[in-house]
Amino acid sequence: MTNKKRPLSTPHYLFLINGLTLCGGVVFFIMITLSTLEKTANIQTTENLRTFAYVIEQLIQNQQLEPLKENQELFFHSIDRLVRETASHDADFRITIIDKDGTVVADSDVELSTMENHSNRHEVREALAGREASEIRISSVYHETQIYYAIPLVTQGRNMALRLSIPIRRNVFFSSNVRQDSIFSMLLVLTVVLIVSFVIAAKILRPLNELKETAHHYEKGDFDYKPIVTSPREFVELADNIESMGKTLQQNIQDLSQSRDELRRLERVRKDFVANVSHELKTPVTAITGFIETLQDGALNDKDTAQHFLDIMSQQSVRLNNIIDDLLTLSRLEQSGAKVEVQPVNFMDIVADVLAEQGFLAQSKGISIDYESFPQDTVIYLTANPGLMSQAIGNIVNNSVKYCPEGSHVQISANREQSRVKIVIEDTGNGIPVEYQKRVFERFFRVDKGRSRETGGTGLGLAIVHHIVNLHGGKIKACNRKDGKSGARFEIELPV
């Protein structure tokens, strides 16, 4: 297994890049600066030599020298003595006079007899030709770099060259340690800049580390962690985006979790539905099949027994038909994108339909059904499908009539509240236990399964009501009576 090389961290990258860039820039700047300073110092020294040369030329011209025509040797000797006296105050300052043929006739430092012909020197050659010239080179006498400056010298009608020289170490640049001071100053500046850049890089990277810490928290599922970044602006915006992304991820995870739970719930409902449908359909079918077999085995010959069996078979057929009708109704209501045709409906007309349908059963049990509107005697209109709304109200009233004991009372009321209508149906029966009040709208759910089968209920009535109310943009809930008495209470809210 090969070890993967770990890359450098951002602080190291920044420090390395900044350091190399700054060092390279400073070194280049030092070289350029030193070169410029040295050239400037050499130019200044050359200008100084030029000034001194003309002063010395003037001095020679004004000096009473031996006549050249009478005695050339005494003339050159007097010039040599003059230049030695002139340069005696500075051992590094050298004055040389060269004759037109390149012979050195006067020198402030060196014996003339030891000196070679100077006709090949650039500055001498130019001066003998009548032009000023300068040059920097290593001296053959002192073996160090010298600055030379030569001008034409005409004295007593003879063309010669006057040359001055001084060691390059004596110019301003070298003599005042400008080089060392410049290098030291620039290195000091480099050090300060590196330190400042490191501090700035650390400050810039601080929010980056905070964002990295935020990513670690999000990785662990802690989406409540909030990055604290105050500058620079780009990092603040990035922190806000990351925080927003964290909230989005948290919401997506919650949605996925809820979706998973909802899928599990739907799967459980599906299985329960299949099991309940199978059971509900099997019960009447089994009963009918059993009585048919009994009749076929001879019970048909007993008229009274046969009639009793046929009555039971008829009841079971009606029950089977009711289950199938309710299942078809539920299927139609649950279709995706199902819509209902609505119109303005007087709620009193719906109540009248319900009373007409449930009146016989209620009368047989001595159960009274009343309707009241608020404010009293107000005509309340709904925007609804008359048939479906009658079925929904009828299913609730039918449950109250079937499950309430004899002599009970069922109250239907409607109250106009701004843009909505609140419909309340309550009875004086045994009521619904609190733990079952949310489940009564599930398909095939029964509080008392044995009693429900005795009354012929399919267990789908309230599920149908729930779907009808939802299709009308309303909501329904089961609860206890507000007056504290025993009984069931259903509240429906619908748009006007």
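Values below: every heavy atom of this structure, side chains too, minus hydrogens, waters and symmetry copies.
Interatomic distance, L460 CG to N395 CG, rounded to the nearest 0.5 Å: 10.0 Å. Here the OG atom belonging to S259 is positioned 12.5 Å from the CD1 atom belonging to I253, to the nearest 0.5 angstrom. Distance check, rounded to the nearest 0.5 Å: CG of D483 to CZ of R489 gives 8.5 Å. Note that the OG atom of S139 and the CD1 atom of I168 stand 13.0 Å from one another [nearest 0.5 Å]. In this structure, Q376 CD and S413 OG are separated by 11.5 Å, a value rounded to the nearest 0.5 Å. Here the CG atom belonging to N385 is positioned 8.5 Å from the CD1 atom belonging to I468, to the nearest 0.5 angstrom.
One N or O on the side chain of S390 and one on the backbone of P386 form a donor-acceptor pair closer than 3.5 Å. Under the 3.5 Å distance criterion, the side-chain polar atoms of T191 are matched with a main-chain donor or acceptor of L187. Put simply, the side chain of S35 never gets that close to the backbone of I32: no donor and acceptor are under 3.5 Å apart. Side chain of S373 to main chain of A414: no donor-acceptor pair is present (N/O by atom type, distance under 3.5 Å, no hydrogens or angles). When atom types are taken as modelled, the side chain of T45 and the backbone of A41 share a donor-acceptor pair closer than 3.5 angstrom. With hydrogens and angles disregarded, no donor-acceptor distance shorter than 3.5 Å links the side chain of K365 to the backbone of G407. Side-chain N or O atoms of K485 include none that pairs as donor or acceptor with a backbone N or O of T428 at under 3.5 Å.
Below 30°, between 30° and 60°, or above 60°: for F490 and F441 the angle between ring planes is above 60°, a perpendicular geometry.
Heavy-atom minimum distance, A362 versus I369: CB-CD1, 3.9 Å. Across all non-hydrogen atoms, the minimal contact from A384 to M389 is CB-CE, 4.0 Å. When every heavy atom of A392 is checked against every heavy atom of V465, the shortest pair comes out as O-CG2, 3.4 Å. Here the closest heavy-atom approach between residue S486 and residue G431 is recorded as OG-N, 4.5 Å. The two residues K475 and V469 have their closest heavy-atom pair at N-CG1, 3.4 Å. Summarising the geometry of A133 relative to H122, their closest heavy-atom pair is CB-NE2, 4.4 Å, with the distance given to 0.1 Å.
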Go through the steps for V342 and L382 under the test side-chain contact (heavy atoms from CB on, under 4.5 Å), then give the verdict. CA-CA 9 Å; V342 296; L382 305 176; over 6 Å; no
Before giving the answer on side-chain contact (heavy atoms from CB on, under 4.5 Å), spell out for E491 and K482 the whole-Å C-alpha distance, their side-chain angles and the decisive distance to 0.1 Å. CA-CA 11 Å; E491 296 180 358; K482 301 299 183 183; 3.3 Å; yes
Is there a side-chain hydrogen bond (donor to acceptor under 3.5 Å, both in side chains) between H409 and S368 once you walk through the steps? CA-CA 5 Å; H409 176 70; S368 60; 2.7 Å; yes
Can I147 and S134 be said to form a side-chain contact (heavy atoms from CB on, under 4.5 Å), step by step? CA-CA 7 Å; I147 300 178; S134 65; 5.8 Å; no
Go through the steps for D427 and Q411 under the test side-chain contact (heavy atoms from CB on, under 4.5 Å), then give the verdict. CA-CA 6 Å; D427 57 47; Q411 177 70 43; over 6 Å; no
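Between K402 and L361, some side-chain heavy-atom pair lies under the 4.5 Å cut-off. Side-chain contact between V440 and I432: present, with at least one pair of heavy atoms (C-beta onward) separated by less than 4.5 Å. The closest side-chain heavy-atom distance from E144 to Q146 is below 4.5 Å. Side-chain contact between N399 and V397 is absent, with no heavy atoms from C-beta onward closer than 4.5 Å. You'll find the side chain of I393 stays beyond 4.5 Å of the side chain of V351, heavy atoms only. Between I492 and I396, some side-chain heavy-atom pair lies under the 4.5 Å cut-off.
A salt bridge links R137 with E123: at least one charged nitrogen is closer than 4.0 Å to a carboxylate oxygen.
Heavy atoms of other residues, nucleotides or ligands lying less than 6.0 angstrom from CD of E372 number more than 12. Other residues, nucleotides and ligands place no more than 12 heavy atoms under 6.0 Å from the CZ atom of F29.
The ring pair (Phe, Tyr, Trp, His ring centres under 6.0 Å) analysis of residues 360-392, with sequence neighbours excluded, yields the pairs F347-Y371. Within the structure, the salt bridge (Lys or Arg N to Asp or Glu O under 4.0 Å) test picks out the following pairs touching residues 406-421 (sequence neighbours left out): R420-E493. Residue pairs meeting the side chain to side chain donor-acceptor pair (under 3.5 Å) criterion with at least one member in residues 344-356, sequence neighbours excluded, do not occur.
Among Q391, E357, Q358, the one residue that satisfies the side chain to side chain donor-acceptor pair (under 3.5 Å) test with N398 is Q358.
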